[in-house]
Amino acid sequence: MPELPEVETIARGVHERIRGDRIVQAWFSSYPQPFKTPPTQQAAGLEGRTVLGVHREGKHIVLELGGVAAHPSQNARWMGHAGSHPNHKNKNVVRVGHPDPGVGENESKAEAQWIVHLGMTGRLLVTAPDVPAAAHTHARLSLVSGRELRFVDPRRFGRLEFRDLSGSAGFEASGAEPLTIAADKFVALFRRRKLSIKAALLNQTLLAGVGNIYADESLFRAGIRPGKGAGRLTRVELERLRLSLCEVLRHAIRLGGSSVSDYVDADGVRGFFQLEHCVYQRTGLPCRRCETPIRRILVAGRGTHYCPKCQR
DNA sequence: ATATGGCCCTGGTTGC
DNA sequence: TGCAACCAGGGCCATA
């Protein structure tokens, strides 16, 4: 299931491939399930817009989109107004490299966003248009470069949303970003919480981006039992957890994410972090540190893997 | 306010 | 061997 490292990998890949490209036509499946915005509204909103940039917010992929081009024949790598925009504090101002090398940087203000959540089984792929569409393809955006951006999701737990920024604020993850949250803010998140630390890590309104794999892996590296009450952890334990979480997320991003289930990046390539898992889906196998068999229990309704000796 | 549990989905695994 | 029941699980919503 795509979590922070997988979503980061996909967002970077999509950014590199389609930044500056323009959406010519958008097609959506007729299922009601993956659409937060009605498909017809998404298609109408997306068509004609330039992709200014792509980034990750928690587990969401956000495509920053420019205004609809005044002249449809305009160059595909048109980057919007030249010169700097005065509002530097606006989150929706994205820096976009100039297509011609050596000319410097332009800044374009996003006027709309396409927000993609991959759910459990979602994929976001950049392909040539003649590649046959996989089963459960729910969105196909044809780009002026000739390529296609496709959203595929067999289980339909993913969500697609179009947002016009003239009428609403830009997308922001509800919880804090695990890779940049300050140590004291991290401690404060869990103070007096009655739920288990595992459930707290999975709660997206506290931290955005942590899912089942990296919750289990970070708790193992920090030596903490998943079922322990979040409010009962000491400051020292919480700091160890924060550092373990950062370490495991960064390491996973370097390896292109964990390919469990059917995760692939924007090019359809698998990640390698699953080879480095210490506990996740290693039930019964010897702990990499002490050789005690890894246990699987249910915490907060989720399959939870831990080492009974290393985690107290 | 905070915490818990059911629901949505389909493909892969398990069990008879 | 074949088919059906079962299970995974992120986020959302209703409920305690």
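The sequence lines fix the lettering, A, B, ..., with proteins before strands; numbering per chain opens at 1.
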### Task
Using only side-chain N and O atoms of H117(A), determine if any of them is under 4.0 Å from OP1 or OP2 of dG11(C).
yes
### Query
In whole angstrom, what separates L298(A)'s CG from dT4(B)'s P?
13 Å
### Query
Between R163(A) and E161(A), does at least one N-O distance fall below 4.0 Å, as a salt bridge requires?
yes
### Message
What's G303(A) touching, base or sugar-phosphate or nothing? Going by heavy atoms closer than 4.0 Å.
### Response
sugar-phosphate
### Task
Would you mind reading off the distance between F157(A) atom CZ and dG11(B) atom P, rounded to a whole angstrom?
13 Å
### Query
Is there a donor on the side chain of R302(A) or the base of dG10(C) sitting less than 3.5 Å from an acceptor on the other?
yes
### Task
Please report the closest heavy-atom contact between V152(A) and A135(A), naming both atoms and the distance.
CG1-O, 3.4 Å
### Query
Picking from dT10(B), dG11(C), dA8(C), which would you name as closest to the side chain of K59(A)?
dG11(C)
### Query
Counting only side-chain N and O atoms of R296(A), is one of them less than 4.0 Å from OP1 or OP2 of dA8(C)?
yes
### Message
Does D153(A) reach a base, just sugar-phosphate, or nothing at all? Heavy atoms under 4.0 Å.
### Response
nothing
### Query
Rounded to the nearest Å, what distance is computed from the CG atom of residue L4(A) to the P atom of nucleotide dG11(C)?
11 Å
### Message
Between C1' on dG11(C) and CG on N212(A), what's the gap in Å once rounded to a whole number?
### Response
14 Å
### Task
Measure the distance from CE on M120(A) to P on dG11(C) and round it to the nearest whole Å.
10 Å
### Query
Quick one: does R193(A) reach the base of dA3(B) with a side-chain donor-acceptor pair under 3.5 Å?
no
### Task
Report the distance from atom CG of L202(A) to atom C1' of dC12(C), rounded to the nearest whole Å.
15 Å
### Message
Please tell me if H60(A) has a side-chain N or O lying less than 4.0 Å from either OP1 or OP2 of dG11(C).
### Response
no
### Summary
Testing dG10(C), dG11(C), dT10(B) for proximity to the side chain of P154(A), the answer is dT10(B)
#### Entry: For R12(A), side chain to side chain donor-acceptor pair (under 3.5 Å) partners two or more places apart
E8(A)
Using distance only, find each side-chain donor-acceptor pair of residues 289-301 of chain A under 3.5 Å and give its atom names and separation, not counting sequence neighbours.
none

### Query
Side chains of D265(A) and T9(A): do they bring a donor and an acceptor to under 3.5 Å?
no
## Note on the structure
Atom CG of L189(A) and atom P of dA1(B) are separated, to the nearest Å, by 18 Å
### Message
Rounded to whole Å, please give me the gap between CG in N203(A) and P in dA3(B).
### Response
8 Å
### Query
K36(A) side chain: which of dG11(B), dC12(C), dG9(C) is closest?
dC12(C)
### Message
What contact category does R191(A) fall into here, base, sugar-phosphate, or nothing, at under 4.0 angstrom with non-hydrogen atoms?
### Response
nothing
### Query
Is the phosphate of dA8(C), meaning OP1 or OP2, less than 4.0 Å from a side-chain N or O of Y280(A)?
no
